[in-house]
Asks: 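Structure provided below as structure tokens; questions to follow.
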Amino acid sequence: MEGDWEMEKTLNRIHPVSDPEAVYFLQVSWEKDLGTGFGIILTDGECAWTGTVSEAEISREASDMEMNREKYVEELKKALILGEESAGKYNFAISRDEENAACHFSYERNLKDGSFRLGSLNLQKVSSPAEVVRHLIGYCLDCLGRLQVKNEHLQKENERLFSDWSDVEKRLEKCVEAKEELEADLYNRFILVLNEKKAKIRNLQKLLNEAKQSAADTKCTRESVATTQMATGQENDYDGSTEDESENLTWSSLPSERNDSLLASPDVINTTPRRKRRQRTVKPAGTGAKMATYETEMPAKENKKLQIQANHPRLLGGSREREVDL
């Protein structure tokens, strides 16, 4: 049995379905993997039974249930190794004969609508149950010793981690203090830089507003100059037009003035034809009295024409022209 102690083992406490108050101890041992076969020791403290399941039997059970072999081995691990961690998911059935010479052991998986059997085997009674019990107690003590060693190791590791954590906490506090100091310093520097930037922005805004105002003033000045130039040009055009109109009026008044000058010198216009008539005509007999009468009437006619010239110069000028034509 010394070789058996070197195998991997687990010890669990189970309660059979037929007698939930009864307590059995189930030890499962295997090499390398549970799928290569395993051994079972079952005891109630008074009697003990043992049995083995081969790799072929495991393959046959998986084939009978039409289940993948790897999946079937996983189900066996959950049922036989995990023990109480799978309580409620798996059932165990134990039936013994009257002399306790043989024991039938089976294990099932619970489902919502029922259960299905994962496997079963017939166990043989051990001749010396006390030896089995002593073996199980030794296994438990060995497990307890390993657990104590592991616990001590974990405790030391925990103390070391706690010490490291304390050191890290102290360093973290120093880092926090340094961080706060650095933040305060950076904040003060940031305030200085921000104030400088604000001052620069204000100066730039001031310059921009002055430039805008200067541009607006320049624009207004240009518009006023352009308006003045336009007004001056319009005045020049108006003066030119008035000069043209005055010239036109002057030229239009010339004929009347010419007529007035002609009217002002009636002797020159009227004497020449009269002299020609005098030179060309020969005084007939009896014309002396008529000429004397004509000469006496001429001053009266000349005075009347002068009055008409003062009142209606143009009319008189036209009549003068007609007389000249005559």
Asks: Could you check if a side-chain atom of Asp33 sits within less than 4.5 angstrom of a side-chain atom of Lys77, using non-hydrogen atoms only?
Replies: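 Sidechains of Lys77 and Asp33: in contact.
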Asks: Report the residues that fulfil side-chain hydrogen bond (donor to acceptor under 3.5 Å, both in side chains) with Gln213, sequence neighbours left out, ordered by chain and then residue number.
Replies: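 By the side-chain hydrogen bond (donor to acceptor under 3.5 Å, both in side chains) rule, Gln213 matches Asp217.
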Asks: Determine the minimum heavy-atom distance between Ser29 and Lys9, stating which atoms define it.
Replies: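 Here Ser29 and Lys9 meet closest at CB-CG, 3.6 Å.
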Asks: Calculate, to the nearest 0.5 Å, the distance between atoms OG and CG belonging to Ser214 and Leu207 respectively.
Replies: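 Here the rounded value is 12.0 Å.
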Asks: Going through the checks in order, is the side-chain contact (heavy atoms from CB on, under 4.5 Å) test met by Ile94 and Ile14?
Replies: CA-CA 10 Å; Ile94 300 172; Ile14 62 174; 4.3 Å; yes
Asks: Once salt bridge (Lys or Arg N to Asp or Glu O under 4.0 Å) is applied, what residue pairs with a partner in residues 189-210 remain, sequence neighbours excluded?
Replies: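 Listed by first then second residue: Asp185-Arg189.
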Asks: Quick one: salt bridge (charged side-chain N to carboxylate O under 4.0 Å, His left out) partners of Glu55, sequence neighbours excluded?
Replies: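 Applying salt bridge (charged side-chain N to carboxylate O under 4.0 Å, His left out) to Glu55 gives Arg69.
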Asks: Taking Asn158 for the side chain and Leu154 for the main chain, is one N or O donor matched with an acceptor at less than 3.5 Å?
Replies: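 Flag not set: sc Asn158 to bb Leu154 has no pair under 3.5 Å.
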Asks: Could you walk me through whether Thr52 and Phe38 pass the side-chain contact (heavy atoms from CB on, under 4.5 Å) check?
Replies: CA-CA 6 Å; Thr52 59; Phe38 56 91; over 6 Å; no
Asks: Is it true that a side-chain atom of Asn188 and a backbone atom of Ala184 form a donor plus acceptor pair closer than 3.5 Å?
Replies: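 Answer holds: yes.
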Asks: Can you list everything that forms a side-chain hydrogen bond (donor to acceptor under 3.5 Å, both in side chains) with Asn122? Sequence neighbours excluded, please.
Replies: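 Asn122 satisfies side-chain hydrogen bond (donor to acceptor under 3.5 Å, both in side chains) with His104 only.
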Asks: Any chance you could lay out the side-chain contact (heavy atoms from CB on, under 4.5 Å) test for Leu26 and Leu80, step after step, and finish with the verdict?
Replies: CA-CA 8 Å; Leu26 175 66; Leu80 300 175; 4.2 Å; yes
Asks: Any side-chain heavy atom of Asn110 within less than 4.5 Å of one from Tyr90?
Replies: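 No, too far: nothing below the 4.5 Å cut-off.
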Asks: Hydrophobic clusters here meaning ILVMFWY residues chained together by side-chain heavy-atom distances under 4.5 Å, can you tell me if Val126 and Val23 are in one?
Replies: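 In one cluster: yes.
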Asks: Is Phe25 reachable from Leu141 through a run of hydrophobic residues whose side-chain heavy atoms are each under 4.5 Å from the next?
Replies: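 They do not share one cluster, since no chain of ILVMFWY contacts under 4.5 Å joins Leu141 to Phe25.
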Asks: When you measure from the side chain of Asn12 to the backbone of Ile81, do you find a donor-acceptor pair of N or O atoms at a distance under 3.5 Å?
Replies: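 Side chain of Asn12 to backbone of Ile81, a donor-acceptor pair under 3.5 Å: yes, one is there.
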Asks: Checking the side chain of Tyr72 only, and the main-chain atoms of Leu118 only, is there a donor and an acceptor separated by less than 3.5 Å?
Replies: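 Checked: pair present.
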Asks: Would you please name every residue forming a salt bridge (charged side-chain N to carboxylate O under 4.0 Å, His left out) with Asp19, sequence neighbours left out?
Replies: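 For Asp19, no residue satisfies salt bridge (charged side-chain N to carboxylate O under 4.0 Å, His left out) once neighbours in sequence are set aside.
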Asks: Distance-only check: which donor-acceptor pairs under 3.5 Å involve side-chain atoms of residues 169-181, not counting sequence neighbours?
Replies:
| from | atom 1 | to | atom 2 | distance (Å) |
| --- | --- | --- | --- | --- |
| Lys179 | NZ | Glu183 | OE2 | 2.6 |

Asks: Can you tell me how far CD of Glu61 sits from CE of Met67, rounded to the nearest 0.5 angstrom?
Replies: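 One finds 10.5 Å between CE of Met67 and CD of Glu61.
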Asks: Between Glu57 (side chain) and Ser54 (backbone), is there a donor-acceptor pair under 3.5 Å?
Replies: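 Answer holds: yes.
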Asks: Sequence neighbours left out, what passes salt bridge (charged side-chain N to carboxylate O under 4.0 Å, His left out) with Asp142? Give chain and number order.
Replies: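 None.
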Asks: Heavy-atom distance under 4.5 Å between the side chains of Ile137 and Val133, does that happen here?
Replies: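 Ile137 reaches Val133 side chain to side chain.
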Asks: Look only at the side chain of Ser224 and the backbone of Thr221, and say whether a donor-acceptor pair between them is shorter than 3.5 Å.
Replies: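 Pair found, side chain donor or acceptor close to backbone of Thr221.
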Asks: Are Leu121 and Trp49 connected in the hydrophobic side-chain network, where two residues link if heavy atoms are under 4.5 Å apart?
Replies: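 Same cluster: Leu121 reaches Trp49 through Ile, Leu, Val, Met, Phe, Trp or Tyr contacts under 4.5 Å.
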Asks: For Lys89 versus Arg109, what's the shortest heavy-atom pair and its separation?
Replies: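 Minimum heavy-atom contact is O-CD, 3.5 Å.
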Asks: Hey, could you give me the CD/CG distance between Glu75 and Leu34, rounded to the nearest 0.5 Å?
Replies: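 Reported to 0.5 Å precision, the distance equals 12.0 Å.
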Asks: Could you work out, with salt bridge (charged side-chain N to carboxylate O under 4.0 Å, His left out) as the rule, every residue matching Lys125, not counting sequence neighbours?
Replies: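 With sequence neighbours excluded, Lys125 shows a salt bridge (charged side-chain N to carboxylate O under 4.0 Å, His left out) to no residue whatsoever.
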Asks: Could you work out, with side-chain hydrogen bond (donor to acceptor under 3.5 Å, both in side chains) as the rule, every residue matching Glu31, not counting sequence neighbours?
Replies: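 With neighbours one apart ignored, the set is empty.
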Asks: To the nearest 0.5 angstrom, please state how far the CD atom of Glu74 sits from the CG atom of Asn68.
Replies: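 Separation between the atoms: 10.0 Å.
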Asks: To the nearest 0.5 angstrom, please state how far the CZ atom of Phe190 sits from the OH atom of Tyr187.
Replies: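 Reported value, rounded in 0.5 Å steps: 8.0 Å.
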Asks: Looking at side-chain heavy atoms only, is the closest gap between Leu123 and Thr50 below 4.5 Å?
Replies: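 Counting from C-beta outward, Leu123 and Thr50 never come under 4.5 Å.
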Asks: Who are the ring-ring contact (aromatic ring centres under 6.0 Å, His included) partners of Tyr107, not counting sequence neighbours?
Replies: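 Partners of Tyr107 by the ring-ring contact (aromatic ring centres under 6.0 Å, His included) criterion, ordered by chain and then number, come out as Phe105.
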Asks: Just how far is it from atom CD of Glu223 to atom CE of Met230, taken to the nearest 0.5 Å?
Replies: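 Those atoms lie 11.5 Å apart.
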Asks: Please find the pair of heavy atoms, one from Pro16 and one from Ala22, that lie closest to each other, and give the distance.
Replies: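 Here Pro16 and Ala22 meet closest at CD-O, 3.7 Å.
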Asks: Taking side-chain contact (heavy atoms from CB on, under 4.5 Å) as the test, write out the residues that go with Asn203, two or more places apart.
Replies: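 For Asn203, no residue satisfies side-chain contact (heavy atoms from CB on, under 4.5 Å) once neighbours in sequence are set aside.
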Asks: Report all side-chain donor-acceptor pairs from residues 39-48 shorter than 3.5 Å, counting only partners two or more places apart or in another chain.
Replies:
| from | atom 1 | to | atom 2 | distance (Å) |
| --- | --- | --- | --- | --- |
| Thr43 | OG1 | Gly45 | N | 3.0 |
| Thr43 | OG1 | Cys47 | O | 2.7 |
| Asp44 | OD1 | Glu46 | N | 3.0 |
| Asp44 | OD1 | Cys47 | N | 2.7 |
| Asp44 | OD2 | Arg96 | NH1 | 3.2 |

Asks: Check the pair Gln27, Tyr139 against side-chain contact (heavy atoms from CB on, under 4.5 Å), reporting the backbone distance first and the verdict last.
Replies: CA-CA 10 Å; Gln27 185 184 57; Tyr139 171 77; 3.8 Å; yes
